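Just so you know, these numbers come straight off a predicted model, no measurement behind them. Just so it is clear: chains get the letters A, B, ... in the order the sequence lines come, proteins before strands, and each one is counted from 1.
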Number of protein chains: 2
Amino acid sequence: MNEILAPPSPARTLAEQVYEALKADLLAGLLPAGAPLLTRDLLDRYGCGVSPLREALARLVGEGMLEATGHRGVRAPTPSVADVEDVYRIRIALEREALTLAMAHGDDSWEAAILAAAHRMERAPLPEPVPDKITAVSEWERRHRTFHASLIAAAPAPRLLRLIDKMVDQTERYRALRLARTEQGKLTRDIVTEHRALAEAVIRRDAIAPRLLAEHLAHTRDAVVAFLQG
Amino acid sequence: MNEILAPPSPARTLAEQVYEALKADLLAGLLPAGAPLLTRDLLDRYGCGVSPLREALARLVGEGMLEATGHRGVRAPTPSVADVEDVYRIRIALEREALTLAMAHGDDSWEAAILAAAHRMERAPLPEPVPDKITAVSEWERRHRTFHASLIAAAPAPRLLRLIDKMVDQTERYRALRLARTEQGKLTRDIVTEHRALAEAVIRRDAIAPRLLAEHLAHTRDAVVAFLQG
DNA sequence: CGTGTCAATATTTTCCAAAATCTTTTTTAG
DNA sequence: CTAAAAAAGATTTTGGAAAATATTGACACG
């Protein structure tokens with residue numbers, strides 16, 4: 001086997017690892033929002049020196065995942081209804097655009113990937129919402145995200161796709177809320193139907209597909225908002 | 001005068017200052033794109049220690065302004081036609097959304113601010129394009145940016161506005177190209193007309209305003225693309 | 001009892017040198 | 001002479017101690 005062909009840069013730096021761990025914890029809601037994050041605690045939690053930690057934090061600040069203030073450290077922004085609406089508005093605008101592009105450029109293998117992702121999602125059991133408890137990311141959720149990514153994967157617009165990924169990350173913070181507080185039976189039927197209709201419309205290049213996607217996202221947003229307010 | 005009412009956090013950290021200087025230099029095209037940025041040079045240029053510099057770099061990486069690779073430092077991404085189209089596509093989608101929102105929520109003082117910004121822009125002399133030379137940001141350009149910001153300022157969506165600001169930053173990198181390579185006479189007339197029509201449509205809440213804005217941005221994009229290809 | 005000042009403490013930020021990694025040059029083997 | 005291996009040099013990355021700033025608590029004063 002030729003080693004030259006191996007990925008040229010598996011040399012992950014400590015700061016990157018801390019960045020990823022921190023981001024994952026942030027998205028999972030494992031770090032308190034609103035209150036400042038104590039350097040000492042984080043140092044302890046991720047077992048590294050000051051430099052890698054601060055670099056990871058700075059990068060997350062750049063991504064808008066954390067807020068930094070003068071000499072007062074960083075903190076995770078507190079969730080709010082207005083923020084949910086803000087984020088979903090951006091997601092809808094961007095994903096519409098990306099889907100339109102993908103439908104214009106996608107080829108056979110793109111279509112196949114969508115069908116495969118849809119099938120994998122349908123076969124995974126829907127996660128059971130447990131009140132007041134932070135549960136791990138379920139297999140269904142992972143596949144759900146993969147499905148949505150597959151829809152727009154054919155868009156020749158790297159920045160757009162990266163940006164969407166970042167916005168999806170932001171909505172992940174509300175993950176625990178997403179499936180909760182709804183009648184289980186009705187919910188699952190709607191979700192499965194919505195996704196299937198969406199995938200089919202996309203593949204047959206139906207012009208209503210972007211609108212279906214926008215409506216799908218709006219429904220999710222409404223569910224999250226309803227939960228936050230209830 | 002009550003000192004308490006002063007901004008609570010004027011305590012700017014060194015890393016923040018370096019971040020701002022670095023970002024400004026990047027947008028002005030003063031740092032070589034494509035090639036890795038040497039730590040030693042930057043340390044020298046901004047006159048600070050390793051930590052603040054690295055923090056500033058990490059933050060810019062988070063913002064997508066720089067690319068980082070393993071143990072091989074950071075570099076400014078090289079401009080390309082595909083990237084211009086990518087960025088403008090995002091800008092158009094987001095600014096359309098923001099303008100629609102602003103038109104729904106804007107009040108009298110918002111309208112007044114638009115008119116004021118438009119007037120200030122019209123009164124500033126258009127910048128003279130100088131071939132193959134990096135010129136400082138002109139007064140007209142500053143006012144032009146302010147005008148565009150004023151259009152969407154009334155949108156109650158802080159994230160959306162921040163994101164747009166970031167995308168405008170990205171297009172700033174192509175600033176030097178924006179007004180170049182066009183007949184001066186024709187150019188000025190079109191630009192002035194486009195802006196005036198846009199401002200008026202926005203204020204009278206004409207539903208075509210978002211489309212006008214999209215077309216205006218598309219024109220700018222086409223000019224930049226034409227320049228890059230010519 | 002409230003209020004402002006000052007010291008004590010805690011936390012963040014910065015510098016700097018050691019460690020790790022990458023790049024270039026030199027050496028060695030085929 | 002070519003290609004792999006080793007060494008030397010340059011650059012990035014990291015840990016920890018010192019400096020700067022913010023926060024808390026004690027104390028004096030009105």
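Note on the helix from dC1(C)-dG30(D) to dG30(C)-dC1(D): angle between the axes of the first and last five pairs equals 10°, rounded to 10 degrees.
No side-chain N or O of Thr146(B) forms a donor-acceptor pair with one of Arg120(B) less than 3.5 Å apart. Checked by atom type, the side-chain pair Ser51(B)/Arg54(A) shows no donor-acceptor distance below 3.5 Å. If you check the side chains of Ser138(A) and Glu141(A), you find a donor sitting under 3.5 Å from an acceptor.
Rounding to whole angstrom units, CZ of residue Arg12(B) and P of dA20(D) are separated by 18 Å. Across the protein-nucleic acid pair, Leu14(B) atom CG and dT21(D) atom C1' stand 13 Å apart, rounded to whole Å. Across the protein-nucleic acid pair, Leu53(A) atom CG and dT14(D) atom P stand 12 Å apart, rounded to whole Å. Look at CZ on Arg54(A): it is 13 Å from C1' on dC15(C), rounded to the nearest Å. When the P atom of dG15(D) is taken as reference, atom OH of Tyr46(A) falls 16 Å away, rounded to whole Å. Between the CD atom of Gln17(B) and the C1' atom of dT13(C) there is a distance of 12 Å, given to the nearest Å. Remark: P of dA19(D) and NE2 of His71(A) are 16 Å apart, rounded to the nearest angstrom. In this entry the distance linking CD of Glu55(B) with P of dT12(C) reads 12 Å, nearest Å.
Contacts of Leu57(A) with the nucleic acid, taken as non-hydrogen atoms under 4.0 Å apart, are absent. Among the protein residues, Ser51(A) comes within range of the nucleic acid bases, having at least one heavy atom under 4.0 Å from a base atom.
The shortest side-chain heavy-atom distance between Leu22(B) and Arg59(B) does not fall under the 4.5 Å cut-off.
Side-chain atoms of Thr13(B) never come within 3.5 Å of backbone atoms of Glu16(B) as a donor-acceptor pair (strictly under, hydrogens ignored). Of the possible donor and acceptor atoms, none in the side chain of Arg159(A) sits under 3.5 Å from a partner among the backbone N and O of Val87(B).
Checking dT14(D), dC22(C), dG16(D) against the side-chain heavy atoms of Ala11(A) singles out dC22(C) as nearest. Between dT12(C), dT14(D), dC15(C), one nucleotide has an atom nearer to the side chain of Ala15(A) than all others, and that is dT14(D). Comparing dC15(C), dT12(C), dT11(D) against the side chain of Leu38(B) picks out dT11(D) as the nearest.
Between Glu63(A) and the choices Lys166(A), Arg162(A), Lys23(A), the salt bridge (charged side-chain N to carboxylate O under 4.0 Å, His left out) rule is met once, by Lys23(A).
When the side-chain nitrogen and oxygen atoms of Arg40(A) are compared with OP1 and OP2 of dA10(C), none of them lie within a distance under 4.0 Å. Side-chain N/O atoms of Thr39(A) include none lying less than 4.0 angstrom from OP1 or OP2 on dT11(C). Taking only side-chain nitrogens and oxygens, Thr13(A) comes nearer than 4.0 Å to OP1 or OP2 of dT14(D). Contact check, Arg72(B) against dT12(D): no side-chain N or O comes under 4.0 Å of OP1 or OP2.
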